[in-house]
Amino acid sequence: AGDGVGDDWQFDHFGLDNPLAAPLLDPDGDGQNNAFEFTAGLIPTDPLSRFSIAIAPVPGQATQKQVIFDPIVPGRSYTVLTSPDLTAESWAPLSGSSAVDNGGQRTVTDTSAGGAKKFYTVEIEKP
């Protein structure tokens, strides 16, 4: 339909010509719209199928934080971005980190999280 959401994906989850398949709608009420769920590889009709992110301290490492997110889905790439504030132009890929996958969950450790406040988000790309 040229709306940025794959037609096959829309048909698989909503059938033919279902208005609930529109990119900016959230038919399962999980707070994530169809365009995001398509990109993230989620099920748009299941409120339990949602992307989550959490920040946790690293025990014994005061200058480190863990960015924990799931699910990770084959065919997607994930980039943790960080910013000292929430302005759009200040986000940049996290450097000085390590990543570990455990099933469908990824933990990225920011080894330079000490000092000033830091915000995190995850950018998901579907080729």
> Distance alone, cut at 3.5 Å: any donor-acceptor contact between the side chains of Q10 and D3?
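Side chains of Q10 and D3: pair found under 3.5 Å.
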> Any chance you could measure K126, atom NZ, to T39, atom OG1, to the nearest 0.5 Å?
8.0 Å
> Dump the intermediate steps for side chain to side chain contact (heavy atoms under 4.5 Å, CB included) on V108 and L94, then the final yes or no.
CA-CA 9 Å; V108 175; L94 176 64; 3.9 Å; yes
> Return the CG to CG distance between L48 and L42, rounded to the nearest 0.5 Å.
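Reported to 0.5 Å precision, the distance equals 11.5 Å.
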> Could you pull out the closest heavy-atom pair between S112 and S95, with the gap in Å?
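What the structure gives for the nearest pair is OG-O, 4.4 Å.
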> Going by the rule ring-ring contact (aromatic ring centres under 6.0 Å, His included), which residues pair with F51 if we only count those two or more places apart in sequence or in a different chain?
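Partners of F51 under the ring-ring contact (aromatic ring centres under 6.0 Å, His included) test: F69.
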> Taking V122 as the starting point, is it possible to reach I55 by hopping between hydrophobic residues whose side chains are less than 4.5 Å apart?
yes
> Which atoms form the tightest heavy-atom contact between G75 and P127, and what is the distance?
O-CD, 3.0 Å
> Specify the closest pair of heavy atoms between Y120 and A113, including all atoms of both residues, with the distance to one decimal.
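Nearest heavy atoms, Y120 then A113: OH-CB, 3.6 Å.
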> Can you name the closest pair of heavy atoms from A22 and N34 and give their distance?
O-ND2, 2.8 Å
> Are Y78 and F36 grouped together when hydrophobic residues (ILVMFWY) are joined by side-chain heavy atoms under 4.5 angstrom apart?
yes
> Check ring-ring contact (aromatic ring centres under 6.0 Å, His included) between F14 and all other residues, then give those that pass, not counting sequence neighbours.
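With neighbours one apart ignored, the set is empty.
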> Kindly say whether G29 contributes a backbone atom to a donor-acceptor pair with the side chain of D26 at under 3.5 angstrom?
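Yes: the side chain of D26 pairs with the backbone of G29.
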> Carefully, step by step, assess T109 and V58 under the rule side chain to side chain contact (heavy atoms under 4.5 Å, CB included).
CA-CA 8 Å; T109 302; V58 177; 4.1 Å; yes
> Between atom OG of S52 and atom CD of Q32, what is the distance when rounded to the nearest 0.5 Å?
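That separation rounds to 8.5 Å.
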> At what distance, to the nearest 0.5 angstrom, does CZ of F38 lie from CG of D8?
9.0 Å
> May I ask you to test the V67-I53 pair for a side-chain heavy-atom distance under 4.5 Å?
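Yes, their side chains come closer than 4.5 Å.
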> Quick one: pull up CD in Q66 and OG in S97 and give me the separation to the nearest 0.5 Å.
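Going from CD on Q66 over to OG on S97, the span is 12.0 Å.
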> Could you tell me whether the side chain of I72 reaches within less than 4.5 Å of the side chain of Q105, counting heavy atoms only?
no
> For I124, is there any backbone N or O sitting under 3.5 Å from a side-chain donor or acceptor partner on R76?
no
> Taking all non-hydrogen atoms of both residues, which atom of V73 and which atom of G41 are closest, and how far apart?
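Looks like CG2-O, 4.1 Å.
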> If only side-chain N and O atoms count, and only distance matters, is there a donor-acceptor pair under 3.5 Å linking D85 with S90?
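Yes, side-chain donor-acceptor contact under 3.5 Å.
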> Should I43 and T45 count as side-chain neighbours, where that means a heavy-atom distance under 4.5 Å?
yes
> Decide yes or no for R106 and D70: does some side-chain heavy atom of the first lie under 4.5 Å from some side-chain heavy atom of the second?
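Answer no - side chains too far apart.
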> Dump the intermediate steps for side chain to side chain contact (heavy atoms under 4.5 Å, CB included) on V80 and T82, then the final yes or no.
CA-CA 7 Å; V80 175; T82 185; 5.8 Å; no
> Is there a salt bridge (charged side-chain N to carboxylate O under 4.0 Å, His left out) between K118 and D110 once you walk through the steps?
CA-CA 10 Å; K118 214 174 200 182; D110 180 355; 2.8 Å; yes
> To the nearest 0.5 Å, what is the distance between NE2 on H13 and CG on D28?
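Here the rounded value is 10.5 Å.
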> Excluding sequence neighbours, so at least two apart, what forms ring-ring contact (aromatic ring centres under 6.0 Å, His included) with F119?
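Here no residue qualifies.
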> Is it the case that atom CG in D17 sees more than 12 heavy atoms from other parts of the structure closer than 6.0 Å?
no
> Counting only N and O atoms by type, is there a donor-acceptor contact under 3.5 Å from the side chain of D30 to the main-chain atoms of P44?
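Flag not set: sc D30 to bb P44 has no pair under 3.5 Å.
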> Could you see if L24 belongs to whatever hydrophobic cluster contains L20? Use Ile, Leu, Val, Met, Phe, Trp, Tyr and a side-chain cutoff under 4.5 Å.
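Cluster IDs for L24 and L20 differ.
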